[in-house]
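If you're wondering where the values come from, they're calculated on a predicted model, not measured in any experiment.
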Amino acid sequence: MSDFLLRSARVVPLRPGDGPGPEPVDVLVRGGRVVEVGAGLAADGAEVVDAAGRWLTPGLWDAHVHLAQWTLSSGRLDLAGARSPEDATRLVAERVAEYPDLPVIGFGHRSAGWHRDVTVTELDAVSGDTPVVLISGDAHHAWLNTVALLHLALPVRDSVVREAEWFGAYARLSTLVGNDGTSPEAYRRTMDAAAAAGIVGLTDFEFSGGAAEWAERWVAGADVLRIRMSTYAENLDDVLARGLRTGDPVVPQLPDAHRLTMGPLKIISDGSLNTRTAWCCEPYGDAHRLEYPAGQPNLSGAELRDLLRTAHASGLEIATHAIGDAAVAEALGAYRDVGARGSIEHAQMVNRADVAEMARLGLRASIQPAHLLDDRDLTEAIWGERSERCFAFRWMLDDGVELAMGSDAPVSRLDPWLAMAAAVHRSADDRDAWHGEQALTPQEVLAASVDGAPTVGVGSLADLVLLDADPLAAVQAADPAEAAVLHAERLRDMTVAATWIDGKLAHSTL
């Protein structure tokens, strides 16, 4: 931590009427907290930083990241543009020809929009003895060739590997590609990039080695951000043996241990839209292609409640992945029965009454607005009129549900400004907003991106972001739809002049 006086900054209000007003003020930071806000403050020995009239907000958080997968993604074969199995195999063949001695790890294809199912046989035909693992854009299934299936100790088959079987195999992927992409140095680069976007903290939902692994990379320099480490059921016994409760330092002996804390137990209660394993109340539009026409739960109701009960009794919050409306309803019932606290992760399709129940139970909705940009067309195709109940952010906010925004990186980019723009405009192209009645305002999305922090004022954590433009500035527009477009453009183009985490400068272009 360091003491500094930020001279001439404009405090951005997170709610109407918040803050000292539009005129620049000075902000004095001591001991990791804002201790004074006003005009003409004395530095009294603190370092002076000239904000030059820029805009000051609390630091941003990403509430849902798979940090190792995002860190690795820069070296993976990008399949986001593949529109068919043939596109994907062509890209694989090109990569194998260029680097025949290296495994091919691809990411980003969305096969639910393809004209047919894929086979291992066709991947074998273009890859030979080179292991190939192609991870879907939703990360809920992977298309492997036979060499990779054998290496990862998976049964040989001619179809993709889905859900729990894939999650277990992913944990063994380092045996195929090594750990160079997730070294402490690689993590540090990822964290530096996040800080440059204004991110001060994130919740890490990676399948990982837990506390011991995090302690090792932390002392090796991957300690830039605030991190909440989640756990899955497989590692829950270790967390309980350590006596860790949500909010506790993961390893109290570490330097700056208060910034590496225990997060929630993560439960993946159903699948995804793209893999067609999200659990729905009604069948998918192409149910004739599916083994489970309405998707299916990954756990029984009793298993879900047992996990919630164990974690809640041990002081852990629970983050329950639920994408389909049936999964959301079942998760809410489990929270209600057990009295547990935490969040619904994704809540992608919801019934109206369940939103009110989420608010009544005091559960957060951990949302990833950029997903709606990718999922728009597929949702219309296979969920049809149910799309009006998808990404229902306005319902949630109006009913009093606390929103926590994130990316689900690498499913979407680790970019809070992209997420905010998506929630404001709800379109990634020239089409009108997709169910614009569910859109949020720039002020609302900013408030949902700061981990519940209030507008910067006396007592605020010294997790601060200085922006080069006003994120809430009025726009000249003929109608609300055009205004949403202009607001979203400003958010997408936002640049960060400086980021402080716990009073320490983590990024600066000043």
CA sep, side-chain torsions, deciding dist, call: V65, T203, side chain to side chain contact (heavy atoms under 4.5 Å, CB included): CA-CA 6 Å; V65 177; T203 301; over 6 Å; no
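- Look at R364 and E317 and you find a salt bridge, because one of the NZ, NE, NH1 or NH2 atoms lies within 4.0 Å of a carboxylate O, short of that distance.
- Proximity of a side-chain donor or acceptor of W279 to a complementary backbone N or O of D325 within less than 3.5 Å is not detected.
- With hydrogens and angles ignored, the 3.5 Å screen pairs no side-chain donor or acceptor of T499 with any backbone N or O of A196.
- A cation-pi arrangement, defined by a distance under 6.0 Å to the six-membered ring centre and an angle within 45 degrees of its axis, is present between R352 and W395.
- Checking side-chain atoms of T246 against main-chain N and O of G263 turns up a donor-acceptor pair under 3.5 Å.
- Without hydrogens or angle criteria, R426 side chain to F391 main chain gives a donor-acceptor distance under 3.5 Å.
- Side chain of S387 to backbone of G384: a donor-acceptor contact under 3.5 angstrom is found.
- In this structure, the side chains of P471 and H487 stay at 4.5 Å or more apart for every pair of heavy atoms.
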Residue pair W166, I135: steps toward the side chain to side chain contact (heavy atoms under 4.5 Å, CB included) verdict: CA-CA 9 Å; W166 165 240; I135 304 168; 3.6 Å; yes
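- No donor-acceptor distance shorter than 3.5 angstrom exists from the side chain of E345 to the backbone of S343, with no hydrogens or angles considered.
- Taking the six-membered ring where tryptophan is involved, the planes of Y187 and W214 are perpendicular, since the angle between them exceeds 60° and thus also 30°.
- Checked for salt-bridge contact, R189 and D192 miss the test: no charged N lies under 4.0 Å from a carboxylate O.
- Using a distance-only test at 3.5 Å, with no hydrogens or angles considered, a donor-acceptor pair links the side chain of R188 to the main chain of G221.
- A salt bridge between R110 and D138 is absent, with no side-chain N of the basic residue lying under 4.0 Å from a carboxylate O of the acidic one.
- To the nearest 0.5 Å, the span separating OG1 on T320 from CD1 on I344 amounts to 5.5 Å.
- Counting non-hydrogen atoms of neighbouring residues, nucleotides and ligands closer than 6.0 angstrom, the CG atom of D429 exceeds 12 such neighbours.
- Around the CG atom of D398, the shell of radius 6.0 Å holds more than 12 heavy atoms that belong to other residues, nucleotides or ligands.
- Classification of D451 and R226 as a salt-bridged pair fails, no side-chain N sitting under 4.0 Å from a carboxylate O.
- The two residues A197 and L60 make their nearest non-hydrogen contact at O-CD1, 3.9 Å.
- For the side-chain contact (heavy atoms from CB on, under 4.5 Å) criterion with V120, the lone passing option out of L144, V156, L149, V161 is L149.
- The neighbour count for D129 CG, taken as heavy atoms of other residues, nucleotides or ligands under 6.0 Å away, does not exceed 12.
- A cation-pi contact, defined as under 6.0 Å to the ring centre and within 45° of the axis, is absent between R490 and W417.
- Proximity of the aromatic rings of H321 and H140 is defined here by a centroid distance below 6.0 angstrom, and this criterion is met.
- Heavy atoms of other residues, nucleotides or ligands lying less than 6.0 angstrom from CD of E437 number more than 12.
- The minimum heavy-atom distance linking G324 with C280 is given by the pair CA-SG, 4.5 Å.
- In this model, no donor atom of one side chain and acceptor atom of the other lie less than 3.5 Å apart for T89 and E122.
- Nearest heavy atoms, L316 versus L236: CD1-CD1, 3.6 Å.
- Shortest non-hydrogen contact noted between H312 and R341 is ND1-N, 4.2 Å.
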Chi angles and distances behind the side chain to side chain contact (heavy atoms under 4.5 Å, CB included) call for E216, E213: CA-CA 5 Å; E216 182 178 346; E213 191 175 87; 5.6 Å; no
Residue pair D62, L414: steps toward the side chain to side chain contact (heavy atoms under 4.5 Å, CB included) verdict: CA-CA 8 Å; D62 191 311; L414 186 58; 3.1 Å; yes
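- Smallest separation of non-hydrogen atoms from A340 and L308: CB-CD2, 4.2 Å.
- No cation-pi contact links R276 to Y292, judged by a cut-off of 6.0 Å to the six-membered ring centre and 45° from its axis.
- Within the 4.5 Å cutoff, side-chain heavy atoms of M420 are placed close to those of M405.
- Of the charged side-chain nitrogens involved, none lies within less than 4.0 Å of a carboxylate oxygen, so that R217 and E185 do not count as a salt-bridged pair.
- Looking at heavy atoms from C-beta onward, I227 lies out of side-chain contact with T261 at the 4.5 angstrom threshold.
- The ring pair (Phe, Tyr, Trp, His ring centres under 6.0 Å) pairs that include a residue from residues 420-441 number zero, where partners must be two or more places apart or lie in different chains.
- Under 3.5 Å, the side chains of T130 and S127 contain no donor-acceptor pair of N or O atoms.
- Using a distance-only test at 3.5 Å, with no hydrogens or angles considered, a donor-acceptor pair links the side chain of D124 to the main chain of T146.
- A 6.0 Å sphere centred on CZ of R413 holds no more than 12 heavy atoms belonging to other residues, nucleotides or ligands.
- More than 12 heavy atoms of other residues, nucleotides or ligands lie within 6.0 Å of CD in E165, so this atom counts as buried by the packing criterion.
- When atom types are taken as modelled, the side chain of D204 and the backbone of S230 share no donor-acceptor pair closer than 3.5 angstrom.
- By the 4.0 Å N-to-carboxylate-O rule, E86 lies close enough to R116 to be salt-bridged with it.
- Within the 3.5 Å criterion, the main-chain N or O of L307 finds no donor-acceptor partner in the side chain of T310.
- Under a cutoff of 6.0 Å and an axis angle of 45°, K266 and F205 form a cation-pi pair.
- The two residues W114 and S84 make their nearest non-hydrogen contact at NE1-N, 3.3 Å.
- Side-chain contact between H109 and L134: present, with at least one pair of heavy atoms (C-beta onward) separated by less than 4.5 Å.
- At a threshold of 4.0 Å, the pair E380-R376 does not count as salt-bridged, since none of the basic side-chain nitrogens sits closer than that to a carboxylate oxygen.
- The aromatic rings of H64 and H346 sit tilted, their planes meeting at an angle between 30° and 60°.
- With contacts defined as side-chain heavy-atom distances shorter than 4.5 Å, the pair R360/R336 qualifies.
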